[in-house]
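Values reported hereafter were calculated over all heavy atoms of this structure, with side chains retained and with hydrogens, waters and symmetry mates removed. To find a chain, count down the sequence lines: A is the first, B the second, and so on, and within it residues start at 1. Since the model is a prediction, treat every value here as computed from it, not as a measurement.
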Number of protein chains: 2
Amino acid sequence: MALGERKEAILKIIVNEYIAGAMPIASKDIAYNYNLKVSPATVRNDVAYLEEQDYVMRPHPSAGTMPTDKAYRHYVETLSWDVELPPIEQDLLYELLREAKEETEQWLKLAAVLLARFVRNVAVITLPKAPQCRFKRLDLVALQDFVALLILVLYEARVRQKILSFNKRITQDDLTMLANKLNSVYAGMTNSEILAKKTEFSPEERQVTACVVDTMATEDKLEHGKPFLEGLHLMLSQPEFAQNPRMLSLLELLEEGDWLGNIPRPELDKRELRIIIGKENPDEALQDLSLIIAEYGIPDKARGIVGVVGPKRMDYARAISSVNCLSSLLTESVAEYI
Amino acid sequence: MALGERKEAILKIIVNEYIAGAMPIASKDIAYNYNLKVSPATVRNDVAYLEEQDYVMRPHPSAGTMPTDKAYRHYVETLSWDVELPPIEQDLLYELLREAKEETEQWLKLAAVLLARFVRNVAVITLPKAPQCRFKRLDLVALQDFVALLILVLYEARVRQKILSFNKRITQDDLTMLANKLNSVYAGMTNSEILAKKTEFSPEERQVTACVVDTMATEDKLEHGKPFLEGLHLMLSQPEFAQNPRMLSLLELLEEGDWLGNIPRPELDKRELRIIIGKENPDEALQDLSLIIAEYGIPDKARGIVGVVGPKRMDYARAISSVNCLSSLLTESVAEYI
DNA sequence: TTTAGCAGTCACAGAAGGAGAGTGCTAAAT
DNA sequence: ATTTAGCACTCTCCTTCTGTGACTGCTAAA
């Protein structure tokens, strides 16, 4: 299955050139610009072989060649995945993120914006999430005579809020006592443990509990935390999106759909970084794109996804190193407040 | 300045037809399809006058006419702004929104999604916000030995969270006591009142106070709450966005920029609904579009913006009635938990 | 003031042609 | 067996040209 040294080199040139210019590559250019010591005719022979093996294709018979999915796959396989961003850029990222560190959710959004700018494509980051959420604490704030705000804090510093309407007038003091009681009973519990707990409760306590259980159940059902999606305009300004229809269906998918759910998840424990190229993607609207995704966080505690979405013709080395770098930064930060 | 009855009618037909079809309208079609009892030649004379007065223009000399900004302006001025959505649709909106009512922020997002679908354009809704925020309550949750989560609740049920790192080990009990103290001292205060308050404080208390002050100052500085922007793909699938460049600069503006800041704000007290057409917009990238925005909420307490962004050629009647309806629904809901 | 009639203008679509890019093939050279 | 030069061939792309159809603007009569 080996291609031979020169064919390998030529394939790499084709992929690199296409990534850089989004135009089919001519054999002449390969031969002359890369100092291969062979004539264009020889290159043509090799390229013909690559075409036969489905590594490259032509938009029309008398055009140059462009890589197929198989070529990209081959390309990333032979790429060193351990590349790192230049230290200067790593520091830059680190500095930019450090300032906003105490902002929790906003922090992740900022991270997504920065990642998007770094790779000039769409960045996606989900909130970290435990497989089973655990009750940390709740607080009740009186809003009106019959209405209160429930603030539910789960482990991993996740905060959820709900409005509650009671059937009787209730003061902030009542609410505080109620919160204290539930806090001492439910501390550290999972949802099923809370459900199993049988304690003597007042109607209000039962109502709050129901709301907590409900909220936690919703959390547990979600496969991912809320995704931050940034840099759409960066990706869509690439030449492959010159005609609209493509762009629109994509926009719709990314904006509305739960496309992340369909994507095979990389596994954190294995330090895995997953690359999904074109047709490898289960989602049809994504089959012209490549995804690079990694997990961050702490296994069994809190895991989120960080990734890049872009045309197949993307700078894989840069995307990989950026995702890796961000994944480390995010993991670090999650560890700090888990 | 009056146009005369027939010219008025013809102008209205042109706007309506162009809204429906996005194509220049021919005088023949106007005369025959609308039963005007005059010949196309007469219509042509009138249209020539309208063109002279800058109400209509032609993409090229031998084409039909399409409305100018001035025509749209005239059109909406003569439109009845008090139109309401059909009751069935109002009920639908109401029902769809009722289910998720306790979710606060998510609720507004859903409202934006629904509005976008109703008008098949971009919907924007900002979180309600008071001119001066007031401290309602805070809670401190121990995350690690030196790290705590500060949950700050402001009036209007706005919740903000921050991570705090202390210099000494601190337990949940310490934190609870600290929170109780600050809660009793700061209840109901604005930021400047908190700053003016001179009480004997421990270093930790001072640190938390500083964080609270900082967060509230940031809130006060923002002119709008976080905007929810939905339905981009709906708007961008309209024919006016067939070529990309236009679409991209727009996408960038909406995604990144603080375009809302530049827009003259409608005033709630006057039950105002503001319509901004094309060139009337200060933002250049929005000058092909129309905005319809209203405020919702309660004057001096909590106000947010609800609006629609779309091509100038949009269904104004529907957009206006939808925004009106949503503005009422949102105002109602804000009143419930202020 | 309105209308019919008609010449005139312009966009658009399709055909035709030329230029250029790049290949595939063949036959000779290494 | 591999590499190379040379050349005919193919196909896209751009430009030009032309005919058609859609509308108008104007004029002169109703």
Side-chain angles (χ1 to χ4, degrees), chain A residues 2-11 13-18 20-68 71 239-240 242-243, chain B residues 2-11 13-18 20-68 71 239-240 242-243:
Chain A
L3 287 172
E5 209 171 314
R6 195 181 56 219
K7 290 195 184 71
E8 199 76 59
I10 290 175
L11 181 54
I13 291 170
I14 291 175
V15 176
N16 278 329
E17 283 274 321
Y18 192 74
M23 305 254 291
I25 323 301
S27 55
K28 181 186 63 158
D29 296 339
I30 298 175
Y32 292 158
N33 298 341
Y34 284 87
N35 181 29
L36 278 185
K37 310 255 165 62
V38 291
S39 75
T42 310
V43 173
R44 273 204 288 284
N45 285 333
D46 287 352
V47 172
Y49 178 80
L50 290 174
E51 187 174 4
E52 199 176 282
Q53 295 293 313
D54 195 31
Y55 281 106
V56 298
M57 54 163 294
R58 308 182 187 282
H60 57 88
S62 78
T65 53
M66 47 199 276
T68 59
E240 24 270 285
Q243 326 99 299
Chain B
L3 286 173
E5 208 172 316
R6 195 182 54 218
K7 292 195 183 69
E8 197 77 61
I10 289 175
L11 181 55
I13 290 170
I14 291 175
V15 176
N16 278 329
E17 283 274 324
Y18 192 75
M23 304 255 290
I25 323 299
S27 56
K28 182 185 63 154
D29 295 339
I30 298 176
Y32 292 157
N33 299 340
Y34 284 87
N35 183 31
L36 278 185
K37 308 255 165 63
V38 291
S39 75
T42 311
V43 172
R44 272 204 290 283
N45 286 332
D46 288 351
V47 172
Y49 178 81
L50 290 174
E51 188 173 3
E52 198 176 284
Q53 297 292 314
D54 195 32
Y55 281 106
V56 298
M57 54 163 293
R58 306 182 189 282
H60 58 89
S62 77
T65 55
M66 46 198 276
T68 59
E240 23 271 285
Q243 326 98 298

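A distance of 10.5 Å separates CD1 in A:Ile13 from CG in A:Asp29, rounded to the nearest 0.5 Å. Rounding to the nearest 0.5 angstrom, the gap separating the CD1 atom in B:Ile25 from the CD1 atom in B:Ile14 is 7.0 Å. Summarising the geometry, atom CG belonging to A:Asn16 is positioned 9.5 Å from atom CG belonging to A:Leu11; distances are rounded to the nearest 0.5 Å. A:Gln53 CD to A:Glu51 CD: the interatomic distance, rounded to the nearest 0.5 Å, is 11.5 Å.
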Spell out protein contact along nucleotides 22-30 of chain C as letters: B when the base is contacted, S when just the sugar-phosphate is, - when no protein heavy atom is under 4.0 Å; keep the 5' to 3' order. SBB------
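The side chain of B:Thr42 contributes no N or O atom lying less than 4.0 Å from OP1 or OP2 of C:dT2.
For B:His60, counting side-chain heavy atoms from C-beta on, the closest listed nucleotide (C:dA11, C:dT2, D:dT3) is C:dA11.
Two residues are said to be in side-chain contact when any heavy atoms from C-beta on lie closer than 4.5 Å; B:Ile10 and B:Leu36 meet this criterion. You'll find the side chain of A:Tyr55 stays beyond 4.5 Å of the side chain of A:Thr65, heavy atoms only. Residues B:Met66 and B:Pro59 form a side-chain contact, since some pair of their non-hydrogen atoms from C-beta on lies under 4.5 Å apart.
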Do any N or O atoms of the protein come closer than 3.5 Å to N or O atoms of nucleotides 28-30 of chain D, and which pairs are they?
none

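Rounded to whole angstrom, the span from the CD1 atom of B:Ile30 across to the P atom of D:dC23 amounts to 11 Å. Atom CG in B:Leu36 sits roughly 16 Å away from atom C1' in C:dT1 (whole-Å rounding). For the pair B:Met66 CE and C:dA11 P, the computed distance is 14 Å after rounding to whole Å. For the pair A:Met23 CE and D:dT12 P, the computed distance is 15 Å after rounding to whole Å. One atom, CZ of A:Arg6, and another, C1' of D:dT4, lie 12 Å apart when rounded to the nearest Å.
Counting non-hydrogen atoms of other residues, nucleotides and ligands closer than 6.0 Å to NZ of B:Lys28 gives a total of 12 or fewer.
Pairing of D:dA30, defined by two Watson-Crick or G-U wobble distances under 3.5 Å, is identified with C:dT1.
In this structure, the side chain of B:Thr68 does not engage the main chain of B:Met57 through any donor-acceptor pair within 3.5 Å.
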